[in-house]
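Structure record follows, encoded as structure tokens.
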Amino acid sequence: MKKYRDQWRDMVVAALQGLAAETNVSGLDITSLVVETPPKPELGDFAFPLFPFARVFRKAPPAIAAEVARRVSVMPGVGGMGAVVAAGPYVNVKLTPAPVIDDILAAIAAQGEAYGRSGALAAQRVMLEFSCPNTNKPLHLGHLRNDALGESLSRIFTAAGATLRKVNLINDRGVHICKSMLAYQMFGAGTTPASEGVKGDHFVGSYYVKYAQHAKDHPEAEEEVRQMLRKWEEGDPAVVALWKTMNAWVTEGIAQSYKRTGISFDQVYFESDIYKLGRSEILAGIQKGLFQKDPDGSVWVDLTDRGMEREVLLRSDGTSLYLTQDIGVAIQRSKDWPFDRLIYVVASEQRHHFHVLFAVLELLGFPWAANLHHLAYGMVNLPEGKMKSREGTVVDADDLLDELEKLALDEIKAKEREDDVGDLSRTAQEIALGALNYWLLQVTAVKDMTFDPKESISFNGNTGPYLQYTGARISSMLRKFEERKSQYSAGAYSSAALSLPEEWEIAKALALFPETVVTAARELNPSVLTTYLFELCKSFSRYYQDHPVLRNEDAGLVQSRIALVRGMERVVRNGLELLGIPFLEAM
RNA sequence: GUGCCCAUAGCUCAGCUGGAUAGAGCAUUGGAUUGCGGAUCCAAAGGCCGGAGGUUCGAAUCCUCUUGGGCACGCCA
């Protein structure tokens, strides 16, 4: 669609310049000419508001609009492209649909899976960090939002042409891990996830909970934990062995969850490998006078001239902090895989941390420090209220997925679709995932949100399953067409047959897909795509409700509408892929 | 207390770099010649865009103040 928009913009620009030249007006600022979509389709396909030019022409906008419309309408070749009319202060353009429809449908058919991909960000190497689980408990609802955002953005960036690298950082060391380990030593009695038939992350998580209960009336436990951490750092064989065993259980469990939700990474960093990084950079920074050592031995950075505080970089005993480590990791990454941008998908609670991190890296003089970005996302609550780990109201990711799958399964059964669906449990899983990812991505990242499992799985409304349903209906239509193909062989595709306003609306929307992907990437916002796809599907549902695709006497009409349906199928398929929502051919 | 973020229909959310009468979905009410899967579609009703100023030809959008909510303010991660 961009092509056409630019074409018409150029013509309007030429008209304005022509008018300026003839009336001896100078100082025309053409950058203030914007193209927008009229609020109602009847008004046209593009609109140019001319308010900004009133001053320079000393004329009322409607008068300018009338003059511009007149000039554009007599430009060579305009007749075949479309009509141009003034509507008050606006110049509206109504495209001639047929050639545009031909163009769009041909492009989709030719590009197939690649339709929607572009080179818009071709020069960019983008590293995207997300998920970053702890190895002391299973994933919860918050991780699901993180993962959905990270995975979807990675696909969107890739589609927009960027070279993208997904990285994960597993927090597999520290006091929280030792707590589970200590509790397991005390109460584990040699059991394993296998012996108990429990997923590894849940197994270990249960000991984390047991520790918390134990520590309530055993204050000395805290000291034992610290001792254990010390032993771990010293490489005590027994402690390290237990740590390895329990970490393996958790990471295996988390890997299963990733598989279930379609999450993957190009590189995984382990905190246990890299937690010592950063220290040397801090020490070097002291030499350069960037940081100061206090009398007690702690090292600080003064950020007050940036409106921030003084922050600790090294403890008085010389050891690193989380911040120190993140400094080291960023530097390491810039060496491992030099990037143009590094985006961290991390909950908004850590805004301050990243503020400081980025400031320190800038102080250290890394040129890439200006291209670090914290994609902060808000909390996910349930209709019942907030998640609070202390009150045990944290929603476990696997449990939630189980619940969604059950709801989906119930729905399939209620509609008596078991026989049509193929693999029943797989379909339920895919619907559950569609419901989850759509809901999580539909809300702008920075905002806190409410996740309503029942509403998310609903098959009507603004939901993932609704999109999947539209895809399934489209697939069904295309299957039927293939079965009866010979019936329609007398006719041939012709864009002229697609003369309904609904068909024009759909075709235009299909044409907007590639630009929409780029916008989503530019704004780091998958919800741009959810909204786009929902509206596209709604238009299509409305259309086929009233206008039969296959049940037509005119074989040419059938062929033409099928071409449009094929375009729909392609865009829905490619679009859902970018959101991590499975496309279903039947449901 | 200080800083950052959020506030749009009863509920859940869109609203692009300011542009035509602020939009969806859910819920509510009323409809759709047995229909290419009715898991759909249509319609009605529902708003001082938290409030007050300001900038502008023009503000949900930008600025200031204010109210309410969230989060962060550790030699934790």
Side-chain angles (χ1 to χ4, degrees), chain A residues 34 36-40 43 47 49-52 54-55 60-61 87-90 92 132 134 171 173-176 271 294 296-300 307-309 311-326 347-353 355 376 378-379 381 383 386 411-412 414-417 420 431 439 442-444 446-452 454-456 458-463 465-466 468-470 472-474 476-481 484 516 519 522-523 525 527-528 530-531 534-535 538 541-552 558 561 565 586-587:
Chain A
V34 298
E36 48 189 53
T37 307
K40 283 185 179 172
L43 290 167
L50 295 178
F51 304 96
R55 196 182 303 258
Y90 294 87
N92 291 337
C132 302
N134 293 340
N171 298 303
R173 67 163 283 281
V175 284
H176 53 293
E271 194 189 339
D294 270 13
D296 64 0
S298 56
V299 177
W300 296 75
M308 295 190 259
E309 317 271 305
E311 302 279 347
V312 196
L313 297 173
L314 290 177
R315 294 192 183 93
S316 50
D317 65 2
T319 55
S320 297
L321 290 95
Y322 176 60
L323 177 62
T324 327
Q325 170 192 308
D326 253 9
S348 49
E349 315 157 358
Q350 295 200 37
R351 272 201 157 101
H352 178 68
H353 168 74
H355 215 48
M379 302 201 305
N381 300 311
K386 305 183 54 154
E411 202 58 31
I412 295 169
K415 305 293 173 194
E416 298 178 342
R417 295 284 307 163
D420 306 280
I431 293 171
W439 197 279
Q442 154 228 25
V443 180
T444 311
V446 289
K447 296 193 182 183
D448 289 353
M449 67 179 293
T450 305
F451 182 82
D452 187 335
K454 281 208 179 64
E455 202 176 325
S456 80
S458 168
F459 294 60
N460 31 8
N462 187 4
T463 68
Y466 172 78
Q468 290 174 310
Y469 174 73
T470 309
R473 291 296 301 273
I474 290 169
S476 172
M477 253 178 249
L478 292 175
R479 276 195 301 273
K480 288 234 157 56
F481 173 77
R484 308 175 193 165
T516 307
T519 303
R522 205 181 56 229
E523 295 177 8
N525 187 3
S527 85
V528 170
T530 60
T531 304
F534 176 65
E535 260 151 31
K538 216 168 41 149
S541 298
R542 190 176 324 165
Y543 164 64
Y544 82 72
Q545 189 75 19
D546 298 331
H547 307 287
V549 173
L550 298 175
R551 295 168 57 90
N552 282 307
V558 171
R561 289 186 172 170
V565 175
M587 65 186 277

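Reminder, nothing fancy here: chain letters follow the sequence lines and each chain counts from 1. Atom set for the values below is all heavy atoms of this structure, side chains included, hydrogens, waters and symmetry mates excluded. Source: prediction; values computed, not measured.
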Discussion item. Once pairs are restricted to Watson-Crick or G-U wobble with both distances under 3.5 Å, how does RNA chain B read as a dot-bracket string, [ ] for crossings and | for other-strand pairs?
Written reply: (((((((..((((.....[...)))).(((((.......))))).....(((((..]....))))))))))))....
Practice prompt. Using the test salt bridge (charged side-chain N to carboxylate O under 4.0 Å, His left out), find all partners of Arg473(A) that sit at least two apart in sequence or belong to another chain.
Written response: none
Discussion item. What contact category does Asn92(A) fall into here, base, sugar-phosphate, or nothing, at under 4.0 angstrom with non-hydrogen atoms?
Written reply: base
Worksheet item: Can you list the residues that meet the side chain to side chain donor-acceptor pair (under 3.5 Å) rule with Asn171(A), with sequence neighbours excluded?
Response: Asn134(A)
Practice prompt. For Ser316(A), report the nucleic acid contact type (base, sugar-phosphate, nothing); a contact means any heavy atom under 4.0 Å.
Written response: base
Worksheet item: Can you list the residues that meet the side chain to side chain donor-acceptor pair (under 3.5 Å) rule with Thr516(A), with sequence neighbours excluded?
Response: none
Practice prompt. Using a heavy-atom cut-off of under 4.0 Å over every strand shown, decide if Tyr466(A) touches base, sugar-phosphate, or nothing.
Written response: sugar-phosphate
Discussion item. Categorize Thr519(A) for me: base, sugar-phosphate, or nothing, with a 4.0 angstrom heavy-atom threshold over every strand shown.
Written reply: nothing
Discussion item. Test your reading of the model: is there a side-chain donor-acceptor pair from Ser298(A) to the backbone of Asp294(A), 3.5 Å cut-off?
Written reply: no
Fill in: Any donor-acceptor N or O pair under 3.5 Å, side chains Thr450(A), Asp452(A)
no
Worksheet item: Using a cut-off of 4.0 Å on non-hydrogen atoms, how would the nucleic acid contact of Glu271(A) be classed: base, sugar-phosphate, or nothing?
Response: sugar-phosphate
Practice prompt. Quick one: label Ala414(A) by what it contacts on the DNA or RNA (base, sugar-phosphate, nothing), any heavy atom closer than 4.0 Å.
Written response: nothing
Item to complete: Identify whether any heavy atom of Thr530(A) sits under 4.0 Å from a base atom; if not, whether one sits that close to sugar-phosphate; answer base, sugar-phosphate or nothing.
Response: nothing
Worksheet item: Of all residues at least two apart in sequence or in a different chain, which pass the ring pair (Phe, Tyr, Trp, His ring centres under 6.0 Å) check with Phe534(A)?
Response: Tyr466(A)
Practice prompt. With heavy atoms under 4.0 Å as the rule, sort Pro52(A) into base, sugar-phosphate or nothing.
Written response: base
Under 3.5 Å, which N/O atoms of the protein pair with N/O atoms of nucleotides 25-27 of chain B?
unit_1, atom_1, unit_2, atom_2, d
G25(B), O2', Asn462(A), N, 3.0

